[in-house]
Chemist: 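The following block contains the structure, expressed as structure tokens.
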Amino acid sequence: MEPLEKGFYYQPTLELAKALLGCFLIKETPFGTASGIIVETEAYMGPDDRAAHSFEGRRTKRTEVMFGEPGFAYTYSMHTHCLLNVVSGKIGQPHAVLVRALEPFSGKELMAERRPKAKNEIEWTNGPGKLAKALGITMSDYGHPLDEPPLWISKGMNIDPRDIAIGPRIGIQNTGEAVHYPWRFWISGNKFVSPKTQ
DNA sequence: TCGCCGATTGTCT
DNA sequence: GACAATCGGCGAA
């Protein structure tokens with residue numbers, strides 16, 4: 001599997017969020033490599049999106065990576081968990097795509113070890129915090145370019161546009177109109193998408 | 001520094 | 001369905 005070239009990330013954020021569906025997300029660690037197929041994403045559109053950390057161009061140490069080149073990792077810690085975003089938008093345009101769910105592909109033994117509380121394979125990676133834990137993604141991956149080890153994305157299967165389902169994002173109450181924006185995408189019928197999705 | 005809050009998950013009722 | 005876990009970012013003091 002070859003990493004997606006940097007040019008791939010230079011497309012409109014909503015397009016990128018859809019294009020990432022079906023791609024492989026791979027993480028290599030000293031303990032081994034684990035990977036999965038991206039089956040659910042959400043777009044966060046910087047300046048005009050009240051739900052985005054970069055709303056109104058807010059530029060801080062945390063959001064800094066979103067103002068740079070697309071194709072880098074924006075990791076964010078939420079309560080006890082770590083969430084992975086793919087930086088999108090041209091330089092100076094702070095957009096990102098949140099990876100919400102994966103279909104386990106390789107390194108399943110590792111995932112089972114890292115997700116001892118999961119009752120089955122589906123629960124290894126059917127949520128943003130879960131998939132980060134299953135693959136061993138942490139805050140130390142902040143700012144990492146996604147076209148080289150140890151954390152990278154490669155082209156996967158082609159997804160028929162008719163198989164892409166669209167809906168509102170999850171978990172962003174108190175963000176006004178932004179709650180309703182249809183900026184979440186998933187592979188229709190895939191059983192590894194997050195709960196409440198289908 | 002202090003206090004509050006959250007793009008979640010897991011457990012308990 | 002309710003709520004605790006648990007910690008860094010952010011804004012105010």
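Quick note on labels: first sequence line is chain A, next is B, and so on, each numbered from 1.
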Chemist: For A:R115, answer base if it contacts any base atom (sugar-phosphate contacts may also be present), sugar-phosphate if it contacts only those atoms, and nothing otherwise; contact means non-hydrogen atoms under 4.0 Å.
Modeler: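 It contacts sugar-phosphate atoms only.
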Chemist: What are the two closest heavy atoms between A:G129 and A:H81, and how far apart are they?
Modeler: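 Minimum heavy-atom contact is CA-CB, 4.2 Å.
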Chemist: Is the side chain of A:Q93 donor-acceptor paired with the backbone N or O of A:K90 at a distance under 3.5 Å, no angle test?
Modeler: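 Answer holds: yes.
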Chemist: Starting from the C-alpha separation in whole Å, work towards a yes-or-no answer on side-chain hydrogen bond (donor to acceptor under 3.5 Å, both in side chains) for A:T29 and A:R114.
Modeler: CA-CA 13 Å; A:T29 74; A:R114 289 164 171 162; 3.3 Å; yes
Chemist: Mind checking A:R169 for me? I need base, sugar-phosphate or nothing, with any heavy atom below 4.0 Å counting as a touch.
Modeler: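 Touches nothing.
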Chemist: Using 0.5 Å steps for rounding, measure from the CE atom of A:M66 to the NE2 atom of A:H95.
Modeler: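 These two atoms lie 10.0 Å from each other.
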Chemist: Any donor and acceptor pair, going by atom type alone, linking the side chain of A:T125 with main-chain N or O of A:L102 inside 3.5 Å?
Modeler: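 Side chain of A:T125 to backbone of A:L102, a donor-acceptor pair under 3.5 Å: yes, one is there.
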Chemist: Base contacts versus sugar-phosphate-only contacts with protein, heavy atoms under 4.0 Å: please encode nucleotides 1-13 of chain C as B, S and - from 5' to 3'.
Modeler: ----BB-SSSS--
Chemist: According to the Watson-Crick and G-U wobble definitions, with both distances under 3.5 Å, which nucleotide is paired to C:dT6?
Modeler: none
Chemist: Please name the pair of heavy atoms, one in A:E40 and one in A:S194, separated by the smallest distance, quoted to 0.1 Å.
Modeler: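 Nearest pair, atom of A:E40 first, then A:S194: OE1-N, 2.7 Å.
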Chemist: Take atom CG of A:N120 and atom P of B:dG10, then tell me their distance rounded to the nearest Å.
Modeler: 11 Å
Chemist: Toward the 5' end of DNA chain B, which comes first, A:I172 or A:E123, by nearest nucleotide?
Modeler: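 Upstream on the strand: A:I172.
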Chemist: Considering non-hydrogen atoms only, spot the tightest contact between A:A34 and A:A134 and give its length.
Modeler: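 Looking at all heavy atoms of both residues, the shortest contact is CB-O, 4.4 Å.
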Chemist: For B:dA7, what is the paired nucleotide under Watson-Crick or G-U wobble rules, both distances under 3.5 Å?
Modeler: none
Chemist: Give A:L98 one of three labels, base, sugar-phosphate or nothing, depending on what nucleic acid heavy atoms sit under 4.0 Å from its own.
Modeler: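 Base, at least one base atom sits under 4.0 Å.
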Chemist: Of all of residues 38-45 of chain A, which get a heavy atom below 4.0 angstrom from DNA chain B, listed by number?
Modeler: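 Residues of residues 38-45 of chain A under 4.0 Å from DNA chain B: A:Y44.
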Chemist: Please determine whether a side-chain nitrogen of the Lys or Arg among A:R115 and A:E123 lies less than 4.0 Å from a carboxylate oxygen of the Asp or Glu.
Modeler: no
Chemist: For A:A51, is there any backbone N or O sitting under 3.5 Å from a side-chain donor or acceptor partner on A:D49?
Modeler: yes
Chemist: Rounded to whole angstroms, how far apart are CG on A:N85 and P on B:dT8?
Modeler: 11 Å
